[in-house]
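Accompanying notes for the structure given below.
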2 protein chains.
Amino acid sequence: MQGGLPISVDMETQIIDDVMQQIVSKTMKHGEKIPSENELAAKYKVPRMTVRNALTKLEERGYIYSIQGKGRYLKEASTQIQLHLTGKTSFTDKMKEAGYDLKTENILCEMIAYNEQLFNKINANKEDSVYKIGRIRYINGEPIAIHYSYVSDKMFGEIEKDGPKIKSMFAYYRKLGYKEFASQKSLLSITFPTSEEQQLLFCKSMIPLIVVESECIDVASNEVLEHTKILYRSDKFKYDITMD
Amino acid sequence: MQGGLPISVDMETQIIDDVMQQIVSKTMKHGEKIPSENELAAKYKVPRMTVRNALTKLEERGYIYSIQGKGRYLKEASTQIQLHLTGKTSFTDKMKEAGYDLKTENILCEMIAYNEQLFNKINANKEDSVYKIGRIRYINGEPIAIHYSYVSDKMFGEIEKDGPKIKSMFAYYRKLGYKEFASQKSLLSITFPTSEEQQLLFCKSMIPLIVVESECIDVASNEVLEHTKILYRSDKFKYDITMD
DNA sequence: ACACAGCAACTTGGCGACAAGTTAAGATGA
DNA sequence: TCATCTTAACTTGTCGCCAAGTTGCTGTGT
């Protein structure tokens, strides 16, 4: 199996490669038991710790799980949801369109401290109050994204009162007379979840999160309505970024 | 510092949070020494192994490095290059436009075995030969992306001979008379590098890679020229995905 | 023949002792 | 006084033993 690679590749990575290869090639199916640490250690002629480290990484990446006293098993591969990352429709609409059972929970509405960069983005002055509204997006009961919106009370006077109840910002804006929206300056980057984010998204520390930040503007007036920051679980999504 | 969180957050994650917080808040600067494992173990009242695991993760994510016998130190934060992920210009042009010193190394040109999904994407029949051409992209001497192109000899008869010398596919296509290009069905996902990819990109196993797959088409004829797969180091880039 | 307790052989989980490397201070000798 | 070696006290790295949990076999008593 390991077929004598040249040199200098540490064995831990090699073991990960081998197991991953067996997963993607479907040599092993979900639920199947992985050979024990001692067996693998003997097979690769490495100390058990090396095998342990490799398997721990696979567990933290969400491919396997372990039960003390029993063994390690392959998890069922979670099917990745395809999502249009850009565009003019809201997160809520995108998911509804795609036919998914989307639920949203409002978890946060608080005033935040002054921050020059952020305040500038939404054209807020130092004297304005900026509110951070946080929601968690669930699909089939599974948390899959954390969605933060930053809005100023200059533009939305009732936001302090309304904020804690809002589930869709677009719906809120529509109720206030805004009709068409667009996103600007969308930036994508990768991060790992903090312990708080791990709790909210119910995931291990080694699941990368896709961070999308953008400004949402009102098409009619060209005004910036909010700054948006969404943290997606990268294991639950495939993103369609095709330009129309 | 750790300020009594409710419960059930394992200490390892908490230590990572704390160190990360000190990095982003610039409480600690690059090159600075991190407290020793024993000191941290005493501070958080956890076994040294827990501290070790936390610091090992930070090292594999590229934030710190360690020297046996000396200690652990903060790495200099690598500035992230901003890149337009979509669009009609080639990778080469994008980077040149942005003013970066881009070098490309051709590492691979080989015929690949039949694969229904892939062959269909580029309109190749089972009898055609499909070639996989691999290049590594360097910026300031640092490898930052692996770029694979899949082309059939049906469309490009000389590809077997020309392939190993190609550094920019777009330049090759232009030489053959194609003028304007577009990408279709762009899909973005996240993966971790295999040991081979780690060697090519000179990075640790815990640096997520951004995978972008798309079809490149000739605007004039609407024909699919190639299937493209690019693996970007997520720590070296921020992606601008704004729609024009 | 059957039920059940106990044990042995496996599994994964955790920790502590030691190995290996670095540094700086201090002893030693010319 | 100066150069050099020794040593002790730190650092990170590695390994192996034992704890904890599960399973199945086996012996024993009814």
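For the numbers below, each heavy atom of this structure counts, side chains included, while hydrogens, waters and symmetry mates do not. Note on naming: letters A, B, ... go to the chains in the order of the sequence lines (proteins, then strands), and numbering restarts at 1 for each one.
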Could you list the residues that satisfy side-chain hydrogen bond (donor to acceptor under 3.5 Å, both in side chains) with A:E105, not counting sequence neighbours? A:Y138
Heavy-atom contacts, protein to nucleotides 9-21 of chain D, under 4.0 Å, summarised as B (base), S (sugar-phosphate only) or - (none) per nt, yield --BBBBBBB--BB
Name the atoms and distances for all side-chain donor-acceptor pairs under 3.5 Å in residues 56-66 of chain A, with sequence neighbours left out.
| from | atom 1 | to | atom 2 | distance (Å) |
| --- | --- | --- | --- | --- |
| A:T56 | OG1 | A:R52 | O | 2.7 |
| A:K57 | NZ | A:E12 | OE2 | 2.3 |
| A:K57 | NZ | B:E60 | OE2 | 2.8 |
| A:E59 | OE1 | A:S66 | OG | 3.3 |
| A:E59 | OE2 | A:S66 | OG | 3.4 |
| A:E60 | OE2 | B:K57 | NZ | 2.8 |
| A:R61 | NH2 | B:S205 | O | 3.3 |

Per-helix bend value, the helix from C:dA1-D:dT30 to C:dA30-D:dT1, C1' rotation axes over five pairs per end, 10° rounding, shows 40°
Output side-chain donor-acceptor pairs under 3.5 Å for residues 25-35 of chain B, partner residues at least two apart or in another chain, one line each.
| from | atom 1 | to | atom 2 | distance (Å) |
| --- | --- | --- | --- | --- |
| B:S25 | OG | B:Q21 | O | 2.8 |
| B:S25 | OG | B:T27 | OG1 | 2.7 |
| B:E32 | OE1 | B:K29 | N | 2.9 |

Is A:F202 atom CZ crowded by more than 12 heavy atoms from other residues, nucleotides or ligands, each under 6.0 Å away? no
Decide whether a cation-pi geometry holds between A:K229 and A:Y148; the criteria are a distance under 6.0 Å from NZ or CZ to the six-membered ring centre and an angle within 45° of the ring axis. no
Taking only residues two or more places apart in sequence or in another chain, which ones pass side chain to side chain contact (heavy atoms under 4.5 Å, CB included) with B:K121? B:E215, B:H227
Got a salt bridge between A:R48 and A:E37, using NZ or NE/NH1/NH2 to carboxylate O under 4.0 Å? yes
A:Y65 OH to C:dT11 C1', in whole Å, measures 14 Å
Sidechain-backbone polar pair: A:N106 side chain, A:L108 backbone, donor-acceptor under 3.5 Å: yes
